[in-house]
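The structure appears below as structure tokens.
Predicted model, so just to flag it, every value in this text is computed and none were measured. Every chain is numbered from 1 and lettered A, B, ... according to where its sequence line falls, protein lines coming before strand lines.
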2 protein chains.
Amino acid sequence: MPSRTLPPPPPAKVPQREGTQSIERALRVLRLLASTNYASGMSFQDLEDASGLNRSTLYRILGALRAEGFVERHPASGLFFLGMDFLALGSASMNRFNLRELARPHLVRIAEQTEDTVFLSIRSGADSICVDRQEGAFPIKALTLNIGDRRPLGIGAGALALLAFLPRAEMEDLVARNARRFPSNPAMAVENVTALVRRSREEGYAFNDGQVLKSMCAVGVPVPGQTRRQPLAALSIAAISERMRAPRRARLVAILEEEAKALGAALVARGAQPLGG
Amino acid sequence: MPSRTLPPPPPAKVPQREGTQSIERALRVLRLLASTNYASGMSFQDLEDASGLNRSTLYRILGALRAEGFVERHPASGLFFLGMDFLALGSASMNRFNLRELARPHLVRIAEQTEDTVFLSIRSGADSICVDRQEGAFPIKALTLNIGDRRPLGIGAGALALLAFLPRAEMEDLVARNARRFPSNPAMAVENVTALVRRSREEGYAFNDGQVLKSMCAVGVPVPGQTRRQPLAALSIAAISERMRAPRRARLVAILEEEAKALGAALVARGAQPLGG
DNA sequence: ACGCCCTGTCCATATTATGAGAAATACACC
DNA sequence: GGTGTATTTCTCATAATATGGACAGGGCGT
């Protein structure tokens with residue numbers, strides 16, 4: 001080894017920190033606990049390995065999370081879990097602008113009139129999230145979406161309605177983003193989604209003809225904000241194909257439109273704003 | 001003012017801290033955002049007032065929460081919201097030991113056989129939490145519980161089943177705790193709950209005869225763990241009183257028992273342990 | 001123009017979180 | 001019962017981190 005003077009090891013520490021190391025770490029731990037591969041709980045060892053944190057630090061973090069009820073520890077097994085309070089937090093996160101509360105009667109009314117299953121979706125970034133659902137009485141149920149499910153904008157009637165009625169520039173940007181996110185998925189290709197959007201705009205509603213699930217169809221409309229170009233949410237109905245043919249489909253759309261308009265007005269009155277991301 | 005030498009102001013700081021100030025603060029902020037009175041979003045000012053934190057500190061905390069997606073800020077209005085990821089976290093918290101996933105087919109089967117509404121509950125501390133629900137086809141629905149709802153142990157069929165089949169000492173402790181928590185509620189009085197527990201043990205199932213909602217009845221059974229004295233969860237059925245009379249009620253209980261036994265076996269096989277608190 | 005309030009950023013400071021290690025505790029395997 | 005291993009808690013010196021006061025840029029009403 002030539003004894004060259006070692007170049008003074010530059011601190012090279014690119015802290016890049018914004019002064020919130022511990023919070024960041026704590027939230028990461030929560031994310032770990034939420035990852036579905038560990039639904040059956042995580043041991044301390046699991047957490048230590050997966051997080052890469054120092055033991056002492058991890059104990060301290062877990063202690064804090066536990067003290068606030070965000071994490072629970074099973075006494076017998078010693079496994080760590082997300083605290084049950086996340087149920088409450090989860091509901092709260094869905095209730096932006098009281099959207100869910102205000103929308104519920106509309107969902108119920110639509111489900112009663114149509115006997116099919118109704119969904120309420122909102123936009124989050126380049127995704128659509130199903131926020132609420134109301135099952136209809138018709139025995140063959142089309143339960144494509146569970147509450148909390150994410151779909152890229154454009155996939156499914158609700159997600160397509162959210163996308164299609166955005167300002168053109170924003171819409172095109174999102175379509176491009178999703179095409180990049182899912183390069184291997186032909187359904188997300190720019191041409192394909194653009195075609196769906198065009199048709200939705202022409203017909204005034206989003207129509208999903210079995211793209212997600214064979215033999216299941218759905219229609220969706222935007223919930224208008226100040227203007228129709230600023231949708232606050234989307235309402236959609238799913239049913240088996242037979243119940244979605246031309247004459248009935250128009251009726252369903254009319255019902256959706258009516259409720260969406262009323263809901264939109266109520267939301268605007270309460271100062272709701274379209275969600276971006 | 002006598003110029004007495006000021007007694008050296010003892011630091012008197014009782015930090016009492018466990019070295020997790022910032023995490024504690026961050027979690028408090030999340031709680032604030034989740035509080036329902038602010039469902040329509042909180043301005044920075046709101047948060048500052050409600051949290052009592054220094055502005056800079058609050059900015060940093062919110063920045064960290066936002067960077068991790070736990071908090072979102074609405075661009076137009078500047079309002080802060082819980083991030084939509086809480087939906088996912090909420091689902092995850094319900095899926096302990098994959099309970100929800102494993103239980104779902106059982107719920108569906110019970111709902112199909114009985115046409116009534118079925119609930120899955122677990123214990124959390126001195127409460128029961130409704131973790132999942134499956135609606136039956138019968139047109140008059142008894143939707144006493146929403147997913148995520150908490151009830152003190154003993155109130156309602158599911159919560160009573162969870163309580164009644166615990167080891168006696170534990171049960172009595174919990175009954176006493178809840179009586180103290182709700183001193184003004186006669187339904188939670190020790191004598192009352194004890195009587196319900198006794199009957200449940202004698203008959204082998206929990207029966208709620210309109211205590212929660214007039215004209216609505218429910219039956220519940222524990223999902224057994226290693227032994228029946230270590231219930232992992234509870235299954236219950238709610239219906240209008242007419243559908244809960246003697247002959248039918250026995251059938252319902254039999255169906256519940258069968259599914260609960262199967263579910264319990266599956267859970268035990270996966271190493272599930274009863275939840276405490 | 002002026003004051004007032006709200007919003008956001010900077011930066012010196014000491015308070016706080018950190019992590020190594022030791023000590024205590026539980027647990028398994030003979 | 002005894003030995004070894006894993007788990008959990010505690011202590012403590014240290015530096016890195018989070019803190020909060022000060023400052024600066026609007027917006028708005030008067």
Figure out the [atom1]/[atom2] separation between [X] and [N], and round it to whole Å.
{"X": "A:Arg73", "N": "D:dT9", "atom1": "CZ", "atom2": "P", "answer": "7 Å"}
{"X": "A:Arg25", "N": "D:dA16", "atom1": "CZ", "atom2": "C1'", "answer": "11 Å"}
{"X": "B:Tyr59", "N": "D:dT19", "atom1": "OH", "atom2": "C1'", "answer": "16 Å"}
{"X": "B:Asn54", "N": "C:dT16", "atom1": "CG", "atom2": "P", "answer": "13 Å"}
{"X": "A:Ile23", "N": "D:dA16", "atom1": "CD1", "atom2": "P", "answer": "20 Å"}
{"X": "B:Leu53", "N": "C:dT7", "atom1": "CG", "atom2": "C1'", "answer": "17 Å"}
{"X": "B:Ile61", "N": "C:dA17", "atom1": "CD1", "atom2": "P", "answer": "11 Å"}
{"X": "B:Leu47", "N": "C:dC6", "atom1": "CG", "atom2": "C1'", "answer": "14 Å"}

Counting just side-chain N and O atoms, does [X] come under 4.0 Å of either OP1 or OP2 of [N]?
{"X": "A:Gln21", "N": "D:dA18", "result": "no"}
{"X": "A:Gln45", "N": "D:dT7", "result": "yes"}
{"X": "A:Thr57", "N": "C:dG19", "result": "yes"}
{"X": "A:Arg60", "N": "D:dT9", "result": "no"}

* **Distance-minimising heavy-atom pair for B:Met42 and B:Ala50** =>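 Closest approach of B:Met42 to B:Ala50, heavy atoms only: CE-CB, 4.3 Å.
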
* Look at all strands and tell whether A:Ser56 reaches a base, only sugar-phosphate, or nothing, counting heavy atoms closer than 4.0 Å. =>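 Touches a base.
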
* Asked: If you look at every strand shown and take non-hydrogen atoms under 4.0 Å, does A:Phe44 touch a base, only sugar-phosphate, or nothing?
  ->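 Touches sugar-phosphate only.
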
* Map B:Ser43 and A:Arg55 onto DNA chain C by nearest heavy atom, then report which one ends up closer to the 5' terminus. =>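 Result of the comparison: B:Ser43.
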
* Asked: Salt bridge check: are B:Asp127 and B:Arg177 linked by an N-O gap of less than 4.0 Å?
  ->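 Looking at B:Asp127 and B:Arg177, the cut-off is not met.
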
* **Electrostatic pair B:Glu257-B:Lys261, nearest N-O below 4.0 angstrom** =>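 So B:Glu257 does not pair with B:Lys261 through a salt bridge.
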
* **Interatomic distance, B:Asp132 atom CG to B:Leu99 atom CG [nearest 0.5 angstrom]** =>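 Going from the CG atom of B:Asp132 to the CG atom of B:Leu99 covers 8.5 Å.
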
* Asked: Can you tell if the side chain of A:Ser22 reaches within under 4.5 Å of the side chain of A:Arg60, non-hydrogen atoms only?
  ->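 With C-beta onward as the side chain, the pair stays apart.
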
